[in-house]
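In each ligand, atom 1 is the first atom listed, and ligand 1 is the first ligand listed. All values reported here derive from a predicted model rather than from experimental measurement.
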Amino acid sequence: MNKLLNIALSTEWKKNVDNISCTPEVASWLVDQASLTKKLEAKAENFSVEVKLQTKTDTKQDALSSYFPSSETVLVREVLLKCNHVANVFAQTEIPQQTISSKYQQLEHIGEEPLGKFLFQEKSLKRGEIEVAEFLVGSPIHQLCESLQQTCHHSLWARRSLFYIENNPLLVTEVFLPASGIYQ
Ligand SMILES: C=C(O[C@@H]1C=C(C(=O)O)C=C[C@H]1O)C(=O)O
């Protein structure tokens, strides 16, 4: 059984995105409020989502963020967003059971459909502030890159933010992989 990637606790997440030590190109991708799905679809002939893992767990079992109470069951969805069949982004989404059972059972069944397609058509969608994090060489993300034949000898950058649908929260974390081209 695959294990969830520990990205919530294996780095420091910063709310202040003003003086992060990345290039302006990386910073522009990190802070853009638009749908990442739409941006990747625009840059590729073929866009696809590979679901790496989807499981229900809680923070006692897995290294999840501290955004949701440890007593709450959380659906965790891990995907690769691919442009022309090459993984550009690793995304991990935490969806509390409360959000699913409120009226969003379909969130358990979106499969290879991009989550963004669902979220950005929701009229009630709100997005919280974006936090950013740097993954240093040797991080769990760099190990994932190895397995994707995207060996990487520099830091990789990620962002995360809470989304709210009818005030029900979910946490979306996105890590930009080397093939995304933002580090060139
Ligand atoms: C939130 C969005 O959805 C994207 C798609 C995801 C998925 O299918 O699991 C996860 C994170 C996002 O990169 C978006 O398009 O901005």
Would you check if there is a donor-acceptor pair between the side chains of T57 and D62 at a distance under 3.5 Å?
yes
Residue pair E122 / Y104, side-chain donor-acceptor N/O under 3.5 Å:
yes
V89 touching ligand 1 at heavy-atom level, < 4.0 angstrom:
no
Residue and atom name of the nearest protein heavy atom (relative to [atom]), distance in Å to one decimal:
atom	value
atom 1 (C) of ligand 1	L119 CD1, 3.9 Å
atom 4 (C) of ligand 1	T37 OG1, 3.3 Å
atom 12 (C) of ligand 1	E174 OE2, 3.1 Å

Aromatic ring pairing F120/F163, orientation class (parallel under 30°, perpendicular over 60°, tilted between):
perpendicular
Answer yes or no: is there a donor N or O on one side and an acceptor on the other, between the side chain of S124 and the main chain of E166, under 3.5 Å?
yes
Under the side-chain contact (heavy atoms from CB on, under 4.5 Å) criterion, do Y67 and R160 qualify, and how do the steps go?
CA-CA 11 Å; Y67 273 104; R160 70 182 184 182; 3.8 Å; yes
Would you mind listing which atoms of ligand 1 come within a distance below 4.0 Å of any non-hydrogen atom of [X]?
X	result
V79	7 (C), 9 (O)
F120	14 (C), 16 (O)
A91	10 (C), 11 (C)
G116	2 (C), 3 (O), 4 (C), 5 (C), 14 (C), 15 (O)
V172	11 (C)
P114	8 (O)
L81	13 (O)

So, is T93 polar-close to ligand 1, with some N/O to N/O distance under 3.5 Å?
no
Using distance alone, determine whether K38 and ligand 1 share an N or O pair under 3.5 Å.
no
Check each heavy atom of [X] against ligand 1 and say whether those closer than 4.0 Å belong to the side chain, the backbone, both or neither.
X	value
R77	side chain
L36	both
L115	both

Side chains of E112 and V51: closer than 4.5 Å at any heavy-atom pair?
yes
Is there a side-chain contact between L5 and E78, using heavy atoms and a 4.5 Å cut-off?
yes
In sequence, state the C-alpha distance, the side-chain angles, and the governing distance for R77 and T93, and then conclude on side-chain hydrogen bond (donor to acceptor under 3.5 Å, both in side chains).
CA-CA 5 Å; R77 168 183 164 92; T93 301; 5.5 Å; no
For the NZ atom on K14, are there more than 12 heavy atoms of other groups (residues, nucleotides or ligands in this structure) within a distance under 6.0 Å?
no
Sole residue of E131, R127, Q33 in side chain to side chain donor-acceptor pair (under 3.5 Å) with S161
R127
